[in-house]
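A short worksheet on the structure shown next.
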Amino acid sequence: METVNLLEFLNKAKDLYTLDYAVCGDELVNFLDLMTEDEAFTRRIDLGIMYLHQRNLEQFTIIDGLNRILSLSLLLHAVCECYKKTSAKNDKAIHTIRAKYLLDGSKTKLRLPEEDQVIFEKILFGEKLSGKEKKSPLFILLHNFWTQIKEEKLQAANIFQMLNKIMVCIVDTENVSKRDLFYNLNKNNTKINQLLLIEDYLKSLGIIQEWEELKKIYNSEKDIIQFFKDFFITKFNFKEFDITRFYEIFVNYIETMLQYMPEDALIKKMKASAKLYNDILNVSFANEKFRQALIQIKMHKGEDTYAYILNIYEDYIENNLTETTFLEILSTIDEYLKNRLKTPNDVAFNDLIKYLNAFITCK
């Protein structure tokens with residue numbers, strides 16, 4: 001662990017890599033606002049801890065601290081843009097700033113996840129942005145920097161004097177799982193794409209191809225998440241599924257099940273459940289009686305019953321439930337839904353599940 005000046009760290013690093021599942025959030029840092037707090041630039045500014053993995057002397061992977069480094073990069077670019085072509089001296093200084101802090105030859109020094117990288121490159125290389133790209137947090141912060149520098153007539157020398165006071169504490173995570181550390185630091189961030197965290201985990205197990213096949217069952221990421229929400233509700237007996245714990249729940253399930261079956265058998269079983277759930281979502285049954293029963297359930301807004309329906313559908317496929325019993329359960333669920341539409345909060349579905357399970361046991 002060492003405390004360094006953030007500007008000097010950016011100068012030291014030749015390449016700064018980010019994690020595939022990291023996001024450039026809305027909490028970017030407006031460094032210029034810090035200037036108003038200490039106009040004399042006498043006070044050290046502490047921006048906390050940054051977690052990095054040092055690949056070699058000049059290359060780092062950012063685990064936590066992306067927003068701070070990105071914000072600094074955008075401010076430096078804004079300074080360059082505001083002072084370009086104002087004098088030969090300033091143009092020379094701009095060339096030095098870009099070479100020291102922003103670029104590694106013809107590439108950006110900071111490498112962002114794909115969608116953000118496209119916007120970042122367009123900004124740094126002066127390419128035209130689309131209307132949608134201009135709504136990104138990157139462009140919004142950059143625009144704020146431009147506005148403040150021009151309206152408040154901020155001098156580049158004062159900005160750099162302030163930046164020289166900004167310190168961060170760097171922790172090297174050489175012997176720590178980057179993915180787990182990132183998750184634990186960001187677990188309450190609802191914008192984290194936890195499917196990408198899961199994919200990285202499955203890559204480490206060598207079963208990413210099977211995961212790709214599972215994803216192809218569905219037409220959208222939303223449906224994949226919906227499947228796993230209801231899948232885990234049945235497996236862990238959850239009353240609700242906390243999307244911010246998706247990665248954690250997935251890993252716990254896989255590592256628990258691997259104690260009882262090999263990886264290929266586990267993914268095969270999970271894919272089978274995914275196909276059955278897709279049948280439920282799309283009311284796609286060869287059995288016409290099942291199809292009609294699900295149509296009624298869908299018409300009566302029964303999406304919250306899909307987790308239980310998946311559970312009993314699996315029992316039916318595994319011959320633990322007869323067709324007659326399966327249809328009786330679907331009919332009972334539909335009656336419940338019709339009554340719920342007439343009298344909201346009549347009977348909690350969890351109470352109905354107890355009755356249905358007792359009914360199955362008697363059968």
Side-chain angles (χ1 to χ4, degrees), residues 17-24 53 61-63 66 111-118 173 176-238 240-282 284 303 306-307 309-311 313-315 317-318:
Y17 298 93
T18 49
L19 303 167
D20 291 341
Y21 37 81
V23 293
C24 301
H53 171 65
T61 297
I62 304 167
I63 297 169
L66 171 59
R111 319 284 175 81
L112 302 173
E114 185 175 357
E115 186 175 336
D116 291 321
Q117 180 67 18
V118 170
T173 61
V176 179
S177 165
K178 295 189 287 292
R179 181 180 58 251
D180 287 344
L181 177 58
F182 175 86
Y183 170 74
N184 283 302
L185 290 169
N186 296 278
K187 62 168 53 178
N188 295 321
N189 185 346
T190 57
K191 293 190 176 182
I192 297 298
N193 189 327
Q194 302 214 12
L195 283 176
L196 293 179
L197 278 167
I198 288 170
E199 288 183 8
D200 190 68
Y201 167 69
L202 293 174
K203 284 178 186 176
S204 71
L205 297 181
I207 50 177
I208 189 63
Q209 182 60 41
E210 291 83 353
W211 168 259
E212 293 296 333
E213 291 173 5
L214 188 152
K215 287 201 303 181
K216 288 177 183 177
I217 295 170
Y218 295 98
N219 295 321
S220 70
E221 188 174 288
K222 179 182 176 182
D223 286 346
I224 296 171
I225 294 173
Q226 179 71 19
F227 158 63
F228 278 107
K229 177 180 79 71
D230 284 345
F231 179 79
F232 288 129
I233 282 175
T234 62
K235 301 306 177 189
F236 289 101
N237 199 27
F238 291 148
E240 294 182 6
F241 177 77
D242 183 356
I243 188 61
T244 64
R245 294 184 57 226
F246 186 10
Y247 165 73
E248 180 184 344
I249 292 167
F250 187 95
V251 171
N252 286 343
Y253 174 75
I254 294 292
E255 294 186 353
T256 299
M257 295 304 294
L258 285 178
Q259 299 176 51
Y260 307 101
M261 64 178 70
E263 294 163 353
D264 57 344
L266 175 56
I267 295 296
K268 183 178 179 180
K269 187 173 179 64
M270 191 178 285
K271 283 196 299 185
S273 294
K275 289 177 180 177
L276 295 180
Y277 192 80
N278 193 48
D279 290 343
I280 296 169
L281 277 183
N282 297 292
S284 176
E303 289 79 4
Y306 287 178
I309 293 172
L310 173 63
N311 198 29
Y313 190 23
E314 288 177 329
D315 283 341
I317 293 297
E318 294 171 2

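In this chain, numbering begins with 1 at the start of the sequence shown.
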Please test E221 against N193 for side chain to side chain contact (heavy atoms under 4.5 Å, CB included), starting from the C-alpha separation and ending with a verdict.
-> CA-CA 10 Å; E221 188 174 288; N193 189 327; 3.8 Å; yes

Within a 6.0 Å radius of atom [atom1] on [X], are there more than 12 heavy atoms belonging to other residues, nucleotides or ligands?
| X | atom1 | answer |
| --- | --- | --- |
| K215 | NZ | yes |
| K187 | NZ | yes |
| N252 | CG | yes |
| E115 | CD | no |
| N282 | CG | yes |

Is the Y253-F231 ring centre distance short of 6.0 angstrom?
-> yes

Any side-chain donor paired with an acceptor under 3.5 Å for D180 and Y247?
-> yes

From [X] [atom1] over to [Y] [atom2], what is the distance, rounded to the nearest 0.5 angstrom?
| X | Y | atom1 | atom2 | answer |
| --- | --- | --- | --- | --- |
| Y183 | L19 | OH | CG | 15.5 Å |
| D223 | K229 | CG | NZ | 12.0 Å |
| K235 | L310 | NZ | CG | 7.0 Å |
| N278 | I224 | CG | CD1 | 10.5 Å |
| Y306 | L281 | OH | CG | 6.5 Å |
| I254 | L266 | CD1 | CG | 4.5 Å |

Take E199 and Y21 through the side chain to side chain contact (heavy atoms under 4.5 Å, CB included) test and state the conclusion after the steps.
-> CA-CA 9 Å; E199 288 183 8; Y21 37 81; over 6 Å; no

Using the six-membered ring wherever Trp is involved, compare the ring planes of F232 and F236 and label them parallel, tilted or perpendicular (cut-offs 30° and 60°).
-> tilted

Parallel, tilted or perpendicular: ring planes of F227 versus Y218, cut at 30 and 60 degrees = parallel

Would you say N186's side chain and N189's backbone share a donor-acceptor pair under 3.5 angstrom?
-> no

If only atom types and distance count, is the side chain of T61 paired as donor or acceptor with the main-chain N or O of Y17 below 3.5 Å?
-> no

Do [X] and [Y] have side chains that approach each other closer than 4.5 Å (heavy atoms only, starting at C-beta)?
| X | Y | value |
| --- | --- | --- |
| F246 | I192 | no |
| L66 | C24 | yes |
| I198 | W211 | yes |

Between [X] and [Y], what is the shortest heavy-atom contact and its length?
| X | Y | value |
| --- | --- | --- |
| Q194 | T244 | NE2-O, 2.8 Å |
| L196 | D20 | CD1-O, 3.5 Å |
| P113 | A22 | CG-O, 3.1 Å |
| T234 | A307 | CG2-O, 2.9 Å |

Using salt bridge (charged side-chain N to carboxylate O under 4.0 Å, His left out) as the criterion, point out the one residue from E318, E210, E263, E314 that pairs with K269.
-> E318

Determine, step by step, whether E114 and Q117 satisfy the side chain to side chain contact (heavy atoms under 4.5 Å, CB included) criterion, reporting the C-alpha distance in whole Å, the side-chain angles of both residues, the deciding distance to 0.1 Å, and the verdict.
-> CA-CA 5 Å; E114 185 175 357; Q117 180 67 18; 5.7 Å; no

I would like to know whether F182 and L197 meet side chain to side chain contact (heavy atoms under 4.5 Å, CB included); could you show each step before the answer?
-> CA-CA 9 Å; F182 175 86; L197 278 167; 4.1 Å; yes

Which residue, I280, L276, D230, forms the side chain to side chain contact (heavy atoms under 4.5 Å, CB included) with I309?
-> I280

